[in-house]
Peer 1: 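So that we are looking at the same thing, I have put the structure below in structure tokens.
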Amino acid sequence: MEIIRIPRIVQDTCKKYRMKGRSVGFVPTMGALHEGHLSLIRRSRMENDITVVSIFVNPLQFGPSEDLARYPRDVESDSNKISALETDILFLPDDALMYSPAFSTSVEVAGVSEKLCGRFRPGHFRGVATVVAKLFNIVSPTRAYFGQKDYQQTVVIRRMVKDLNFDLEVVICPTIREHDGLAISSRNTYLGPEERIAAAAIHRSLSRGAGAVLQGERSAGRIREMVEEGLAAEKLINRIDYVAAVDLATLDDVEEIGREIVLAAAVRIGKTRLIDNLLVNV
Ligand code: PAF
């Protein structure tokens, strides 16, 4: 595996591969790699000639009161995991090479960025869209891989790819879960033992809502209430940011469930904000 820190070198290397007709799969990450990331890398390896993984903790997507400083970082362990999967290139840029002092461009995907998490994390999806656009321009991938756990992020990126004519395919891979259903996330490492047990209530409550839809309940309001009740019953969940039943593409609230929807929730356990979602087909 080649470890490259300089964007220009990654750009030239990937262009050469593409010019030789080889497909490039790209897995952008912020490190602290877990099974979710590894599943994206494996999928990219299966579907492409070359796989590039980036690790960059993107300051633009963290709000002033968010966890940028305490975001877990362990480049050595990450790089061993990536190399064990026979990744071709690990792109490890420094902040200064990604954002020069004069950096002044941002990519704003209006509409879908403002809903769900966008209401609680102003500027977050602008930061994500901006760095992903930069990374796409550096790597010029044939396919880019994202996890369904960050469902809104996948919608924002797909919209950006269409709107800005990026010539690549966005591949969304299933959420990887712990034995009790908790969606695997780098932020799970912040949870104490009791909080960790409490966190299983998120998937349990969403599954209860999804189960009710499958059994014929069509009122999104009733489904949201059921999920909220499940979350509220868990004492260590100290805040429910939202429970939403939304359209797959627009993320607009659905009232009567007549087609596939996303049932999504964001909660806080202590200081840790966790999100999860399920796609529910009637
Ligand atoms: O999902 C993530 O880890 C990040 O939002 C991403 C896509 C790597 C951009 O920084």
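When a ligand or atom number is given, it counts from 1 through the structure's own listing order. As the structure is a prediction and not an experimental result, all values here were calculated from the model.
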Peer 1: Would you say Glu114 has more than 12 foreign heavy atoms packed within less than 6.0 Å of its CD?
Peer 2: yes
Peer 1: Are any of the N/O atoms in His37 less than 3.5 Å from those in ligand 1?
Peer 2: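 N/O-N/O distance under 3.5 Å: no.
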Peer 1: Ring centres under 6.0 Å, that's the criterion: do Phe91 and Phe26 meet it?
Peer 2: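 That pair fails the under 6.0 Å test.
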Peer 1: Using a strict cut-off of 4.0 Å, indicate which atoms of ligand 1 neighbour a heavy atom of Gln61.
Peer 2: 4 (C), 5 (O), 9 (C), 10 (O)
Peer 1: Parallel, tilted or perpendicular, judged at 30° and 60°: which one describes the rings of Tyr99 and Phe56?
Peer 2: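 It falls in the tilted class, 30° to 60°.
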Peer 1: Between Leu135 and ligand 1, which part of the residue brings a heavy atom under 4.0 Å of the ligand: side chain, backbone, both or neither?
Peer 2: neither
Peer 1: Give the residue, atom name and distance (to 0.1 Å) of the protein heavy atom nearest atom 7 (C) of ligand 1.
Peer 2: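 Of every protein heavy atom, Gln153 NE2, 3.5 Å lies nearest to atom 7 (C) of ligand 1.
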Peer 1: Taking everything shown except Asn281 itself, do over 12 heavy atoms lie less than 6.0 Å from its CG?
Peer 2: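 Result for CG/Asn281: enclosed.
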Peer 1: At less than 4.0 angstrom from any non-hydrogen atom of Val131, what atoms of ligand 1 do you find?
Peer 2: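 Near Val131, the atoms of ligand 1 are 9 (C), 10 (O).
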Peer 1: Honestly, is Arg70 close enough over Tyr190, meaning NZ or CZ under 6.0 Å from the six-membered ring centre and within 45° of the axis?
Peer 2: yes
